[in-house]
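Notes to accompany the following structure.
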Amino acid sequence: MAKIQSVRGTHDLVGETAAAHNYVVAAARDCAHRYGFEDIDPPIFEFTPVFARTMGEGSDVVRKEMYSFTDNGGEDISLRPEFTAGICRAFISGGMQQNLPLKFFAHGPAFRYERPQKGRQRQFHQIDAEILGVEGPGADIEIITLGAEILHDLGILQACVLDLNTLGDPESRLVYRDALVTYFSDHKDKLSEDSVDRLGRNPLRILDSKDDGDRKIVADAPLMAEFLNPASADFFAAVCEGLDTLGIAYNLNQRLVRGLDYYTHTAFEFVTDALGAQGAVIAGGRYDGLIKMLGGPPTPGIGWAGGIERLGMLAAHAPVPVRPIAFVPMGDAAERLALKLCHGLRRDGFTVDMAFRGNLSRRLKRANKQHARAALILGDDEIAKGVVTLRDLDDGGQQDVALDDIAVHLRKLLA
RNA sequence: GCGGGUGUAGCUCAGUCGGUUAGAGCGCUAGAUUGUGGAUCUAGAGGUCGGGGGUUCAAUUCCCCUCACUCGCCCCA
């Protein structure tokens, strides 16, 4: 550590980045609340098995991307690489099965030890939505709709495409998986090195390989749709029908698979081509077996996670900040009086900034830079007259205003 | 973990076929205006040329390593 610097893949949220971040979170939370989701904020670390068991020991995230450590009590702890496992753990340890169904919204940092690039960091931030305890396709429809509505509210829905697929129930998925293994084993000599590896660990993954040679083989591979049992096919049809009813456009993508073991039935991704290799902005699916796998009561679930940094980059328009009022006292007596006046104005709901240093010229420059709507100037002259000088920073006009009338005048100015 | 590109002032970038004091724009500070911002003018501050090592009389420039960023692979939000 030659220089003092942030850890690789971590960034300070400040200025425009912080504004974009908060904007995404606020828009998503508002939307989720309108859909009846309640907030949950689980710890950012859990016992390692919570993640390892649910995401699958064979998944890349668990194999090499987790920030794990032994704490001073000898416990095996991991920083969360995603939200779902922690929320399901909270559901189990909180005995929440009494209150099903539950709909949760969460947001915050997550951690993965990865090579950083655009839209991919080691500490990144997600918004997350989960519906627990709903077996039917209604939950799938609502959770996908919520994602679409958040993108709509952020003004970026048109920049995204919704890819949709089903992995079927565990029975269908297993049969399909066997069929894929058989098929790809026959073509093993022509598969890429990566895909030969996938064949053992996660054969479904071969379907979305970017390797040209793989793609040729994948083109003739058996399709999930052919292996769905009637129940799984009906379920997926109902999901599609619901989305059709709401006019939510989607693209059926039989190559869409999920990396994590716990997914069943519906899988979806809102993707964009505006962020380079990191296309997914909101992605998720159904995970009916997860809670039981964790040791809880068998409870179906479905959810998604969205990358706040990625969403923020797409929603480029910076939210317009409130224009403050700049208070400019000149001299000790004025500063003492300003302290009280500012306090009162802030209680009245005004956004007031008082610079702590600089002469009048300096402070007005600062006010201008903050796009302040007006400046309140208070010096010995004003104190003698019992007024402040209210300067309109848009047109340069100014007037004396009695101390008791400041709020009235400001309200008129801001209206 | 693997491959390519980049790293010069707070920011965006010139530049040096290896040579003496490394530049611009914007921003910052001060003054013109001892109590009036935006525009203009003037002056000023700010750089171990990412870090370490090597070659050389001499390295910001060439070579190696390293760190960070970036693009792609893997994987994923």
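All values derive from a computational prediction rather than experimental measurement. Keep in mind that the numbers below use all heavy atoms, side chains included, and drop hydrogens, waters and symmetry copies. A note on names: the letters A, B, ... follow the listed sequences, proteins ahead of strands, and every chain is numbered from 1.
Picking from B:A68, B:C71, B:C76 the nucleotide with the shortest atom distance to the side chain of A:Arg112 gives B:C76. Picking from B:C76, B:G38, B:C69 the nucleotide with the shortest atom distance to the side chain of A:Arg205 gives B:C76. Considering only the side chain of A:Glu382, B:G35 comes nearest among B:G72, B:G35, B:U36. With distances taken from any side-chain atom of A:Ile377 to the nucleotides B:A77, B:U36, B:C73, the minimum falls on B:U36.
Below the 3.5 angstrom threshold, one finds no donor paired with an acceptor across the side chain of A:Arg366 and the base of B:G37. Looking at A:Arg310, its side chain comes within 3.5 Å of the base of B:C76 through a donor and an acceptor atom.
Between the C1' atom of B:G37 and the CG atom of A:Asn368 lies a distance of 5 Å, rounded to the nearest Å. Whole-Å rounding puts the A:Arg363 CZ to B:U33 C1' distance at 18 Å. Spacing between atom NZ of A:Lys118 and atom P of B:C73 amounts to 15 Å, rounded to whole angstrom units. Rounded to an integer number of Å, the gap from CZ of A:Arg215 to P of B:C73 is 10 Å. Taking atom CG on A:Asp381 and atom C1' on B:G35, their separation rounds to 8 Å, with Å as the unit. For the pair A:Leu256 CG and B:C76 P, the computed distance is 11 Å after rounding to whole Å. Across the protein-nucleic acid pair, A:Leu393 atom CG and B:G37 atom P stand 11 Å apart, rounded to whole Å. The separation between A:Asp273 atom CG and B:C71 atom C1' is 16 Å, rounded to whole Å.
In this structure, B:U55 makes no Watson-Crick or G-U wobble pair, since no nucleotide meets both defining distances under 3.5 angstrom. B:C2: Watson-Crick or G-U partner is B:G72, with both key distances under 3.5 Å. Nucleotide B:C11 forms a pair with B:G25, judged by Watson-Crick or G-U wobble geometry with both contacts under 3.5 Å. Nucleotide B:A32 forms a Watson-Crick or G-U wobble pair with B:U40, both donor-acceptor distances falling under 3.5 Å. With a cut-off of 3.5 Å on both pairing distances, B:G46 has no Watson-Crick or G-U wobble partner at all.
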Self-check item: Worked verdict on A:Asp392 versus A:Arg373 for salt bridge (Lys or Arg N to Asp or Glu O under 4.0 Å)
Solution: CA-CA 7 Å; A:Asp392 185 325; A:Arg373 179 65 183 84; 2.7 Å; yes

Quiz item: How far apart are the C-alpha atoms of A:Arg112 and A:Glu82, what are their side-chain angles, what is the distance that settles it, and do they pass the salt bridge (Lys or Arg N to Asp or Glu O under 4.0 Å) test?
Solution: CA-CA 9 Å; A:Arg112 289 182 199 172; A:Glu82 56 123 35; 5.6 Å; no

Practice problem: Could you walk me through whether A:Thr266 and A:Asp140 pass side-chain hydrogen bond (donor to acceptor under 3.5 Å, both in side chains), step by step? | Solution: CA-CA 7 Å; A:Thr266 315; A:Asp140 305 53; 2.6 Å; yes

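Using a 4.0 Å heavy-atom cutoff across all strands shown, A:Ala283 reaches sugar-phosphate atoms only and no base atom. Heavy atoms of A:Gln370 sit nowhere under 4.0 angstrom from any nucleic acid atom. Residue contacts shown for A:Gly396 include a base, since a base heavy atom lies under 4.0 Å away.
Aromatic ring pairs are classed by plane angle as parallel below 30°, tilted from 30° to 60° and perpendicular above 60°; the pair A:Phe227 and A:Tyr176 is tilted.
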Quiz item: Where along nucleotides 1-8 of chain B does protein come under 4.0 Å, by heavy atom, of base (B) or sugar-phosphate alone (S), with - for untouched nucleotides?
Solution: BBB-----

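Of the two residues near RNA chain B, A:Gln117 and A:Gly9, the one whose nearest nucleotide lies more 5' is A:Gly9. Residue order along RNA chain B, read from the 5' end via each residue's closest nucleotide, puts A:His11 first among A:Val281 and A:His11.
The closest donor-acceptor contact from the side chain of A:Ser232 to the backbone of A:Asp169 lies under 3.5 Å.
Taking the P atoms as reference points, B:G10 lies 28 Å from B:G18, given to the whole Å.
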Atom pairs, N/O to N/O, protein against nucleotides 27-32 of chain B, distance under 3.5 Å?
unit_1	atom_1	unit_2	atom_2	d
B:C28	OP1	A:Lys369	NZ	2.3
B:U29	OP1	A:Arg362	NE	3.1
B:U29	OP1	A:Arg362	NH2	2.5
B:U29	OP2	A:Arg362	NH2	2.9

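Look at A:Gln398 and you won't find any side-chain N or O under 4.0 angstrom from OP1 or OP2 of B:U36. The phosphate of B:U36 (OP1 or OP2) has no side-chain N or O of A:Ser361 nearer than 4.0 angstrom.
The cationic atom of A:Arg53 (NZ for Lys, CZ for Arg) does not lie both less than 6.0 Å from the six-membered ring centre of A:Phe51 and within 45° of the ring axis. The side-chain tip of A:Arg122 does not point at the ring of A:Phe111 from less than 6.0 angstrom away and within 45° of straight on.
For A:Tyr250 and A:Asp244, the side-chain atoms include at least one donor-acceptor pair closer than 3.5 Å. With no hydrogens or angles considered, a side-chain donor-acceptor pair links A:Glu130 and A:Tyr287 at under 3.5 Å. For the residue pair A:Asn251 / A:Asp163, a side-chain donor-acceptor distance below 3.5 Å is found, with atom types taken as modelled. Side-chain N/O atoms of A:Asp41 and A:His107 include no donor and acceptor closer than 3.5 Å.
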